[in-house]
S.K.: 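Below are the structure tokens for one structure; questions will follow.
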Amino acid sequence: MSHTHAAEKAQRQTAKRTGRNRTVKERIKEAIKNLGTLVAAKKMDEARAALPKFYKLLDKSSKQGILHQNKAARLKSAWMKKVSAVK
């Protein structure tokens, strides 16, 4: 239980930010699963079309501070290798 009004406000802010961050991270996880199924099914045209949307999600989340910029870069690099490796 918080003792001050400022602490109560901080709890409200944290809850709101946590909810926003969770939705963004869930969207990223869904995009990763989608790319994974496309690569596994060897639907490379669709996977290449999904990459820019995935990149946009990662770039926005790293800009907002939800993901670290190095993690976003690492995910982008890994998925580009996976998509371009399968022919």
Side-chain angles (χ1 to χ4, degrees):
M1 192 71 193
S2 54
H3 293 287
T4 63
H5 293 292
E8 290 174 0
K9 181 178 179 180
Q11 282 183 331
R12 288 194 307 269
Q13 289 175 328
T14 300
K16 188 181 286 188
R17 289 178 185 144
T18 301
R20 276 193 220 129
N21 294 348
R22 188 173 290 143
T23 57
V24 172
K25 286 184 179 183
E26 286 173 2
R27 273 192 258 144
I28 291 170
K29 287 178 187 177
E30 288 173 7
I32 288 173
K33 287 179 187 177
N34 183 29
L35 277 173
T37 55
L38 291 173
V39 169
K42 297 187 179 183
K43 297 181 179 178
M44 302 326 290
D45 293 332
E46 293 177 31
R48 286 191 189 97
L51 269 181
K53 295 174 187 175
F54 179 59
Y55 283 2
K56 185 175 180 179
L57 274 174
L58 292 176
D59 289 338
K60 275 189 166 184
S61 64
S62 67
K63 184 177 180 182
Q64 293 169 350
I66 297 168
L67 283 184
H68 194 274
Q69 62 185 1
N70 291 353
K71 179 172 182 171
R74 199 170 55 241
L75 285 171
K76 287 164 59 173
S77 173
W79 280 101
M80 176 53 88
K81 286 179 186 175
K82 289 178 184 179
V83 169
S84 62
V86 179
K87 293 184 180 188

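The structure displayed is predicted, hence computed values, not measured ones.
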S.K.: Check side-chain contact (heavy atoms from CB on, under 4.5 Å) between A7 and all other residues, then give those that pass, not counting sequence neighbours.
M.R.: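 Testing A7 for side-chain contact (heavy atoms from CB on, under 4.5 Å), a comparison that skips the adjacent residues, returns S2, T4.
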S.K.: Look at atom CD of E8 and say whether more than 12 heavy atoms of other residues, nucleotides or ligands are closer to it than 6.0 Å.
M.R.: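 Enclosed: over 12 neighbouring heavy atoms sit under 6.0 Å from CD of E8.
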S.K.: Identify all side-chain donor-acceptor contacts of residues 28-37 below 3.5 Å with residues at least two apart in sequence or on another chain.
M.R.:
unit_1	atom_1	unit_2	atom_2	d
T37	OG1	K33	O	3.3
T37	OG1	N34	O	2.7

S.K.: Just to verify, what does D59 make a side-chain hydrogen bond (donor to acceptor under 3.5 Å, both in side chains) with, not counting sequence neighbours?
M.R.: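 So D59 forms a side-chain hydrogen bond (donor to acceptor under 3.5 Å, both in side chains) with K76.
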S.K.: What pair of heavy atoms forms the shortest contact from K82 to M44, and how long is it?
M.R.: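 Looking at all heavy atoms of both residues, the shortest contact is O-CE, 4.4 Å.
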S.K.: Which salt bridge (charged side-chain N to carboxylate O under 4.0 Å, His left out) pairs, counting each pair once, include a residue from residues 60-72, with sequence neighbours left out?
M.R.: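 Every candidate salt bridge (charged side-chain N to carboxylate O under 4.0 Å, His left out) pair involving residues 60-72 fails, so no pair, neighbours aside, qualifies.
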S.K.: So how far is it from K53 NZ to R27 CZ, rounded to the nearest 0.5 Å?
M.R.: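 K53 atom NZ to R27 atom CZ measures 14.0 Å (nearest 0.5 Å).
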S.K.: Enumerate donor-acceptor pairs with a distance under 3.5 Å from any side-chain N or O in residues 13-26 to protein atoms, sequence neighbours excluded.
M.R.:
unit_1	atom_1	unit_2	atom_2	d
T14	OG1	A10	O	2.8
T18	OG1	T14	O	2.6
N21	ND2	R17	O	3.4
T23	OG1	R20	O	2.7

S.K.: Would a single hydrophobic cluster contain both L38 and L51, if residues Ile, Leu, Val, Met, Phe, Trp and Tyr are joined by side-chain heavy-atom contacts under 4.5 Å?
M.R.: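 No, separate clusters.
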S.K.: Which value, rounded to the nearest 0.5 Å, describes the distance between I66 atom CD1 and S61 atom OG?
M.R.: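 Spacing of CD1 (I66) from OG (S61) equals 6.0 Å.
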S.K.: Would you say Y55 ends up clustered with W79 if hydrophobic residues are merged whenever their side chains have heavy atoms under 4.5 Å apart, either directly or through other cluster members?
M.R.: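 Yes, W79 and Y55 fall within the same hydrophobic cluster.
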